Structure formats: structure tokens, C-alpha cells
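Worksheet: the structure to be examined is printed underneath.
Everything numeric here is computed off the predicted structure, so don't read it as measured data. When a residue number appears, it is its place in the shown sequence, counting from 1.
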Amino acid sequence: MGNEKELGRNVGRIEPRSLSLGLLVGFFLALFTYISMFDRYVTPLLTVESRVASAYGVPSSLMVEHKMNSPQLEGAGPRNAEEEKPGSDLFKKNDAIKVQPNSSSIIHDASSGRLDASSTPQLGNENIREDRHEKDGDKNSSTSRDSTQKEDIINPKQLGERSADVKPQRKPICDFSGRRSDVCKMEGDVRIHGKSSSVVLVTSNQMRNPEPNESWRLRPYTRKSHKIVMKKIREVSVKMSNSIDAPRCTLNHSIPAVVFAVGGYTGNIYHDYTDALVPLFITSRQFNGGVQLLITNTQLWWVHKYRHVLKSLSRYEIIDFDNDDQVRCYPHAIVGLESHEDMAIDPSRAPNGYSMVDFTKFLRGAYSLDRDSPIKMGEHPEKKPRLVIIDRHRTRRLTNTEEIVKMAEELGYEVLRAEAKFGTEVAEFARLINSCDVMMGVHGAGLTNLVFLPTNAVIIQVVPWGRLEGIAKCDFGDPARNMKLQYLEYSIGEEESTLIDLYPRDHPVFKDPMSVHRQGWTAMGKVYLVEQNVKLDLPRFRPVLLKALELLH
């Protein structure tokens with residue numbers, strides 16, 4: 001009893017302030033221990049993330065991810081258990097697109113059961129090789145496999161997160177001042193969901209004080225002034241968003257992305273180059289193959305036709321943007337293509353000072369073309385220079401081609417005739433053109449094949465009647481000179497035009513061609529581009545062929 005009283009007196013001597021401090025420290029120690037034990041099971045903001053992910057049509061949880069009816073998951077079977085083999089044929093009937101994961105880049109996330117690798121519609125990854133290589137007898141399977149690569153896929157610590165090493169985000173630079181195209185460039189945490197046509201730059205990973213959302217809309221095709229055509233191009237949304245509202249990443253990439261369209265005038269070889277391939281070279285060549293191409297308004301035949309060019313610009317799968325249900329995250333993205341002029345590159349505006357000479361050299365590499373320069377007549381007097389005549393079988397035809405061939409052969413040429421039809425294999429036609437020293441033809445899309453001529457070769461453009469010299473100069477005259485080709489132009493006279501069989505000689509078609517031009521492109525084109533064929537005056541044209549021979553000395 002005496003001890004209990006003594007204890008009571010000792011406790012009573014403790015100051016109330018010291019007792020309160022001890023209790024507070026004990027409380028925080030207990031709270032810290034609790035959080036440490038149960039933190040791994042805490043899933044903050046699950047409700048918010050689920051709502052945002054659903055808005056973008058992407059997985060918000062493992063249950064949602066397994067139930068999604070996205071194109072890449074339907075009928076896929078147990079993807080985690082067995083990988084698909086590469087080398088699928090992408091150009092089956094009905095535009096069927098097959099999934100082509102590469103075994104080296106599939107990473108299983110044990111905690112989520114998802115794949116950190118490409119399992120989306122991809123284009124241009126067919127196992128197709130140059131015909132010439134196959135003829136050379138290269139049958140080794142290890143060297144004949146598709147060289148398309150995949151970049152190292154970053155495996156994030158948590159589903160939907162970007163890797164911690166991404167560059168600081170910057171405001172998108174969307175330039176709408178260009179005459180030919182609109183372009184948006186972004187660096188940082190860029191998230192692309194093709195199926196919803198959405199590109200998002202995450203501006204903050206903090207919940208507090210998020211930056212205000214900004215957005216832009218553009219159609220990534222290079223004929224922005226052609227309103228009717230542009231209406232058919234899919235619009236892409238580019239916006240800034242904080243990390244809460246941004247879609248969650250399903251695939252992280254370590255390379256840049258370029259988003260562009262191939263609709264519009266695609267199918268006409270001239271527009272294939274001036275509206276797509278040349279702008280794509282300007283925009284993506286700077287990455288030296290380390291870039292992924294995402295194509296909207298995709299046309300599988302176009303991707304197949306120009307597969308050599310696309311594979312030379314990118315070592316990675318080509319993504320069908322419109323049907324891609326992944327949220328792809330990139331450190332750098334460009335939406336739209338830089339475009340300067342028709343069939344032209346301005347070195348002062350292009351990355352690395354690229355020029356049309358660089359473009360033609362690039363094409364020679366893409367198609368494994370042998371010749372960088374034409375024949376030198378003085379060094380090889382025993383050899384005949386090769387002249388190729390580009391035939392046209394519908395409009396602006398040469399009606400006396402046989403006579404032209406005979407005259408050219410008498411002057412010392414070896415003469416070939418060729419026509420670039422819609423289904424022509426580009427690699428084969430490119431080798432034919434590259435083997436020639438002189439190319440001639442009436443103004444038209446077929447002359448676009450001048451891109452395959454060796455540097456300093458000669459191009460002869462025959463300009464139909466109708467004051468078309470300005471158009472001819474813009475379309476092929478200036479580009480030829482920019483490619484370091486030697487350009488000759490021959491404008492026909494009234495007597496060389498078949499329009500004399502359709503209109504009286506005192507008609508404005510002959511007396512005042514500009515009055516026809518003032519009626520608009522449709523009226524002008526109907527007369528001078530559609531109704532007209534050409535019969536060359538051989539004595540009048542002969543000096544042009546002689547001049548071409550002189551230029552080859």
C-alpha cells in the first residue's frame with residue numbers, strides 16, 4: 001500500500017506538457033507502422049481514373065481490360081501463353097489486318113497480366129523483299145526476314161504511368177500559318193489514342209494547380225487550301241491535359257511518333273510524292289529510322305506500294321491510326337507533315353538542311369538503285385545513251401511515238417518505252433528509269449518518275465498547247481533543277497495539237513488560251529489536259545534530242 005502511494009506521487013510530479021508530447025509521438029509511430037504495412041493495397045483515385053479511362057475508351061482496370069471488345073483482342077486467344085509469329089501477310093482480301101508482335105519486345109507485367117508490347121493493327125510489316133535480291137539467289141531465312149524492328153518498350157511501374165525519365169513537358173507548338181499544311185509538335189509525355197483520334201500532352205503529374213487545358217484540331221494532310229478534299233481527311237484532336245484527365249498508357253515507346261494522312265489525291269503518282277512522300281521525308285528523315293509512323297485515312301494498297309520508302313524512313317511497325325485502340329505514349333510526337341512547295345524542299349527550312357538532291361539519293365538507297373550519274377559520252381564513245389519515252393494511253397498521248405523512236409535511234413540513242421500504270425511495281429519501274437540517261441514525255445503525272453534518274457541526267461518535258469508553261473515549270477521544271485537534273489522544255493505549236501481537229505482555228509482555244517484559263521481549272525483542264533493529244537513535228541523536235549546528247553558529254 002505504501003508503494004502504490006509512492007507511485008501515485010511520482011506520476012503526479014510529471015508535467016502535463018511532457019505527457020502530451022509523448023502521447024503525440026506514440027500516435028505518429030503507430031500511424032506510420034499502419035501505412036507501411038497496408039500501402040501496397042491502397043488504390044488511390046480509382047474512381048476518378050476509371051471514369052477518365054472510360055471516356056477515352058481504354059482499360060481502366062484489369063476487369064475492364066479483359067472485357068474490352070477492341071479489334072486487337074477479339075479472337076486473339078490466350079495471348080499471354082503463346083506469341084504470334086511475325087511475318088504475317090498484311091495485304092489479304094477485305095483489308096484484313098493481322099497482329100504481329102515481336103517476341104523480343106513482349107513483356108508480361110506479372111502484377112497486371114497485360115502485355116507491354118504492340119498488339120494492335122499494324123501495316124507495312126509484310127515479309128517482302130526486293131525482287132532483285134531474290135533473283136540473286138539469297139535464300140537464307142535469317143537474312144530474308146523482315147528487318148522491321150521494335151524499340152525497347154518501357155515497362156512502367158504501375159499501369160497507366162509514364163516512365164520517370166521522360167523529358168519535362170513543353171507546350172505544343174501548333175503552327176497553322178503554313179500555306180500547305182498544319183503541324184503540331186510536342187515533347188514530354190505525349191499520349192496517342194488513334195481510335196478516338198486523340199493526342200494528349202500531359203502538362204502536370206501533380207493534382208494541385210493543374211495547367212489550364214488547351215486544344216487544337218487539325219487534318220494532317222498537305223493540301224489544306226483544298227477544302228473539298230480536306231473534308232474527307234480525318235480530324236485529329238491535340239490538347240494539353242493534366243495527369244488526372246489524361247488517358248492511361250497501355251504502351252510506352254522510347255522513340256518519336258509522326259501522325260499523318262494519305263487520303264486526298266492519293267493514287268495519282270504526282271500527289272503520292274508531293275503530298276505525302278516528300279513531306280514525310282522532310283518531317284521524319286531527321287530521326288534516321290528511329291521513328292514510328294501512324295497513318296490516318298490509311299489505304300493498305302498505298303502502304304504496300306511504297307513499302308520500300310516507308311521502311312527506309314522507319315524501322316518500326318506502321319500503325320493504322322484509325323483502328324488502333326492502344327494508348328501509346330511517346331517522348332516526342334509530330335502531328336501533320338512539313339510541306340514547302342510542290343515537289344520541293346527548302347533547305348533553309350528543312351531539318352539538317354535537306355534538299356531534293358538528298359531526297360533522290362534517299363530513294364536510290366531505298367530501292368537499291370545502282371546509278372548515281374548518267375553516261376559520259378566522251379569517256380564511253382562506244383556506248384549508246386538510253387532514252388526512255390514515258391507513254392500515256394488516255395490523255396495527252398503522243399500519237400506518233402513510233403516515228404519519234406526511229407528518229408532517236410538514228411541520232412544514236414537506245415530507246416525504251418514505258419508507262420507508269422496504277423498497279424506498276426515501283427521497285428521494278430525505278431530500276432528501269434535509273435538505267436536511263438534521258439527521259440522524255442508529255443506533261444503529266446508519269447514524269448514524276450524523274451525522281452529515279454541519276455543526278456545530272458536529262459529530262460525533256462513536252463508542254464501541250466494552251467499556255468501551260470507556268471504549270472509545267474512548277475510541276476516538273478523547278479523540281480528537276482532542284483534535283484540537279486538537266487531540264488529541257490519543248491512547247492508544241494498549234495499544228496502539233498489534235499485540238500485542231502476539234503475546234504476552228506479562230507476559236508479562243510487557239511486565239512486566246514488565257515480566256516479559257518479564266519473560266520476556271522475545270523474548264524481549262526477539260527480542253528487542254530483531257531481533250532488534247534500531241535503529234536510532234538519531228539524536224540522541229542530533232543534539235544531537242546541533239547541538245548540532250550550534247551549535255552551528256
Side-chain angles (χ1 to χ4, degrees), residues 270 342 387-413 415-419 438-450 457-481 485-552:
Y270 178 79
D342 286 334
L387 166 66
V388 58
I389 300 174
I390 302 298
D391 280 331
R392 297 179 60 89
H393 287 158
R394 289 190 297 174
T395 62
R396 283 160 279 151
R397 293 184 295 109
L398 283 171
T399 62
N400 60 338
T401 305
E402 293 294 340
E403 297 174 24
I404 298 170
V405 170
K406 183 179 179 180
M407 181 178 70
E409 290 176 339
E410 291 174 352
L411 293 176
Y413 286 99
V415 183
L416 306 174
R417 294 176 61 178
E419 181 179 9
V438 181
M439 186 174 86
M440 68 164 284
V442 179
H443 173 80
L447 291 183
T448 307
N449 289 287
L450 59 80
V458 180
I459 172 73
I460 303 171
Q461 179 173 202
V462 177
V463 183
W465 175 262
R467 299 292 294 275
L468 301 178
E469 286 76 12
I471 297 173
K473 177 178 180 294
C474 176
D475 288 352
F476 300 108
D478 292 338
R481 295 185 180 96
L485 299 176
Q486 303 187 81
Y487 176 73
L488 298 176
E489 186 174 288
Y490 177 82
S491 297
I492 71 171
E494 293 180 27
E495 298 293 337
E496 296 173 280
S497 171
T498 59
L499 291 175
I500 61 174
D501 301 324
L502 302 177
Y503 298 91
R505 300 301 289 272
D506 60 352
H507 194 279
V509 165
F510 299 109
K511 296 298 183 182
D512 188 13
M514 292 312 297
S515 67
V516 181
H517 282 259
R518 286 192 290 272
Q519 296 176 32
W521 178 266
T522 301
M524 183 280 295
K526 175 180 178 295
V527 175
Y528 295 127
L529 299 179
V530 177
E531 295 180 347
Q532 179 172 203
N533 292 318
V534 174
K535 183 178 181 179
L536 289 183
D537 182 334
L538 297 185
R540 184 170 181 259
F541 183 68
R542 180 186 174 94
V544 179
L545 291 179
L546 290 173
K547 179 63 176 179
L549 285 174
E550 179 184 330
L551 292 174
L552 293 174

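- Looking at residues two or more places apart in sequence or on another chain, you find no ring pair (Phe, Tyr, Trp, His ring centres under 6.0 Å) involving Tyr487.
- Across every non-hydrogen atom of Cys474 and Pro479, the tightest pair is O-CD, 3.4 Å.
- Taking the six-membered ring where tryptophan is involved, the planes of Trp465 and Phe510 are tilted, since the angle between them lies from 30° to 60°.
- Under the rule for a side-chain contact (heavy atoms from CB on, under 4.5 Å), the partners of Pro504 that lie at least two apart in sequence or sit in another chain are Asp506, His507.
- Atom CG of Leu447 is separated from atom CG of Asn449 by 8.5 Å, given to the nearest 0.5 angstrom.
- Atom CZ of Arg467 and atom OH of Tyr528 lie 9.5 Å apart (nearest 0.5 Å).
- Contacts of Glu469 classified as salt bridge (Lys or Arg N to Asp or Glu O under 4.0 Å), with partners at least two apart in sequence or in another chain: none.
- With sequence neighbours excluded, the residues that form a ring pair (Phe, Tyr, Trp, His ring centres under 6.0 Å) with Tyr270 are Phe476.
- The structure places CG of Leu468 at 10.0 Å from CG of Asp475, a figure rounded to the nearest 0.5 Å.
- In this structure, the salt bridge (Lys or Arg N to Asp or Glu O under 4.0 Å) partners of Asp478, at least two apart in sequence or on a different chain, are Lys473, Arg481.
- Residue pairs satisfying the salt bridge (Lys or Arg N to Asp or Glu O under 4.0 Å) criterion with at least one member in residues 512-540, sequence neighbours excluded, are listed as follows: Glu496-Arg540, Asp512-Arg518, Lys526-Glu531.
- Distance CG/Leu536 to CD1/Ile404: 4.0 Å, rounded to 0.5 Å.
- Legend: residues meeting side chain to side chain donor-acceptor pair (under 3.5 Å) with Arg392, ordered by chain and number and at least two apart, are Thr395.
- Distance CG/Leu538 to NZ/Lys406: 10.5 Å, rounded to 0.5 Å.
- Arg417 pairs by the salt bridge (Lys or Arg N to Asp or Glu O under 4.0 Å) definition with Asp391, Glu402, not counting sequence neighbours.
- To the nearest 0.5 Å, the span separating CD1 on Ile390 from CD on Glu419 amounts to 9.0 Å.
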- From CA spacing to verdict: side-chain contact (heavy atoms from CB on, under 4.5 Å), Gln532, Val509: CA-CA 11 Å; Gln532 179 172 203; Val509 165; over 6 Å; no
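- Residues passing the side-chain contact (heavy atoms from CB on, under 4.5 Å) test with Ala408 are Leu387, Tyr413, Val415, Leu545, sequence neighbours excluded.
- Partners of Ala472 under the side-chain contact (heavy atoms from CB on, under 4.5 Å) rule, at least two apart in sequence or in another chain, are His443, Gln461, Val463, Glu489.
- Remark: Glu495 pairs with Arg505 by the salt bridge (Lys or Arg N to Asp or Glu O under 4.0 Å) rule, at least two apart or across chains.
- Partners of Lys547 under the side-chain contact (heavy atoms from CB on, under 4.5 Å) rule, at least two apart in sequence or in another chain, are Leu488, Glu550, Leu551.
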